[in-house]
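Heads up: the structure comes next, in structure tokens.
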Amino acid sequence: MSVSAISPAFATPGARIRANLRATFATARAYLLRFASNPIQLIRAPLSPILIVGGFILAYNISGQTTVPDDQVIGFLIVGVFMTGCWSSTVWGAGFALQAERYYGTIGAVISAPASTLAVITGYTLGSLAMGIVDAVATVIVGLAVGGRFVIHDPLALILSVVAIYVSTICIGLAFAGLFILSRNANSLSNVLQTPVYILCGFYVPRTVLPDWAQWIGAGIPLTHAADALRGASLTGDSLGEIARPLLLTFGTALVFLVVGIWALGKADRSARSSGTLDLL
């Protein structure tokens with residue numbers, strides 16, 4: 001294709017970047033509008049973390065657990081619920097992005113459009129994460145109401161921990177989006193992975209109680225280290241230097257997921273364009 005045949009919006013690298021950013025934010029906006037148009041979802045969003053926190057607090061009280069100090073149980077669980085929301089954004093936002101487009105009948109336009117498919121999936125992730133803010137706020141409010149205690153000595157450490165969580169979530173989302181497409185079994189994979197991830201990443205139980213092999217598997221997931229960093233920064237007042245290792249592990253493992261996602265999405269995109277199998281995505 002000659003340069004003259006290329007749309008002006010994609011004629012230069014800078015123009016392509018701007019156009020893909022517009023596609024990303026337009027997708028995020030459309031996702032939020034669809035979400036806001038569903039009253040059940042609006043009710044469910046704040047209620048879900050409240051019920052999860054309440055259920056696990058009850059379970060911890062009944063079990064008489066001693067692994068997590070009594071004065072940190074609620075904070076430990078709040079972080080776990082927050083991480084669960086981020087994981088859900090990964091699976092149901094990015095992971096099902098193209099399946100959602102097929103459901104709405106727009107998959108053909110998405111794949112054939114000049115804008116990158118990656119931009120669309122990133123938009124789904126951002127929209128889902130934005131809705132997750134509602135969950136996070138509701139979770140913190142409930143935690144404080146039932147006696148949660150936070151110790152924050154280094155605000156920068158807390159901010160970077162949260163940034164690490166969202167960056168790793170986006171990377172995981174891109175990887176899952178590509179792998180879901182290539183596997184053709186998105187629903188089955190997502191349902192199978194949810195509970196093991198909650199356990200392996202230490203969302204609701206300390207990873208130290210898991211077998212060594214399970215801890216090694218969990219160490220390969222970015223959200224495991226992001227949760228460690230956030231708990232250190234918010235529960236025990238760790239400084240940026242003290243959480244530097246889990247932060248570096250978060251970004252390092254997230255990079256692996258990003259590479260896998262770019263490869264998988266590129267492979268799926270090329271396959272769909274060359275074979276005309278959009279209906280199989």
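Residues take their numbers from the sequence shown, with the count starting at 1. Since this is a predicted model, take the numbers as computed values, not measurements. Worth knowing before you read on, the calculation uses all heavy atoms, side chains too, and leaves out hydrogens, waters and symmetry mates.
With a 4.5 Å cut-off on side-chain heavy atoms, F82 and L230 count as touching. Put simply, the side chain of L240 reaches to within 4.5 Å of the side chain of L247, judged on heavy atoms. Within the 4.5 Å cutoff, the side chain of V151 has no heavy atoms near those of the L235 side chain.
Follow the hydrophobic side-chain contacts under 4.5 Å out from I172 and you reach Y198 in the same cluster. Under the 4.5 Å side-chain heavy-atom criterion for grouping Ile, Leu, Val, Met, Phe, Trp and Tyr, V205 is connected to V197 within one hydrophobic cluster. The same ILVMFWY cluster, assembled from side-chain heavy atoms under 4.5 Å apart, contains both F203 and F150. In this structure, F251 is not a member of the same hydrophobic cluster as V260, with clusters built from ILVMFWY side-chain heavy atoms closer than 4.5 Å. Note: the hydrophobic cluster containing L77 also contains I152 (ILVMFWY, side chain heavy atoms under 4.5 Å, direct or indirect links).
In this structure, CD1 on I243 lies 7.0 Å from CG on D154, to the nearest 0.5 angstrom. Here the straight-line distance linking atom CD1 of I170 with atom CG of L258 works out to 10.0 Å at 0.5 Å rounding. With rounding to the nearest 0.5 Å, the separation of SG in C201 from CG in L223 is 5.5 Å. Here the OG1-CZ distance, from T169 to F257, works out to 11.0 Å after rounding to the nearest 0.5 Å. Atom SG of C171 is separated from atom OH of Y166 by 15.0 Å, given to the nearest 0.5 angstrom.
Applying the side-chain contact (heavy atoms from CB on, under 4.5 Å) test to L248 and every residue at least two apart in sequence or in another chain returns nothing. In this view, L33 and R29 satisfy the side-chain contact (heavy atoms from CB on, under 4.5 Å) rule, not counting sequence neighbours. In this structure, A26 has no side-chain contact (heavy atoms from CB on, under 4.5 Å) partners at least two apart in sequence or on a different chain. Residues satisfying the ring-ring contact (aromatic ring centres under 6.0 Å, His included) test with F76, not counting sequence neighbours, are none.
The side-chain hydrogen bond (donor to acceptor under 3.5 Å, both in side chains) contacts involving residues 230-258 comprise T236-D238, S239-E242, where partners must be two or more places apart or lie in separate chains. Residue pairs that meet the ring pair (Phe, Tyr, Trp, His ring centres under 6.0 Å) test with at least one member in residues 207-231, sequence neighbours left out, do not exist here.
Side chain of T224 to main chain of G218: a donor-acceptor pair is present (N/O by atom type, distance under 3.5 Å, no hydrogens or angles). The closest donor-acceptor contact from the side chain of R207 to the backbone of G202 lies at 3.5 Å or more, if one exists at all.
Taking every heavy atom of both residues into account, Y204 and V81 meet most closely at OH-CA, 3.6 Å. Looking at every heavy atom in both residues, A233 comes nearest to S161 through CB-OG, 3.9 Å. In terms of heavy-atom proximity, A214 sits nearest to L200 at O-CD2, 3.4 Å. Contact detail for I165 and M83: the closest heavy-atom pair is CD1-SD, 3.6 Å.
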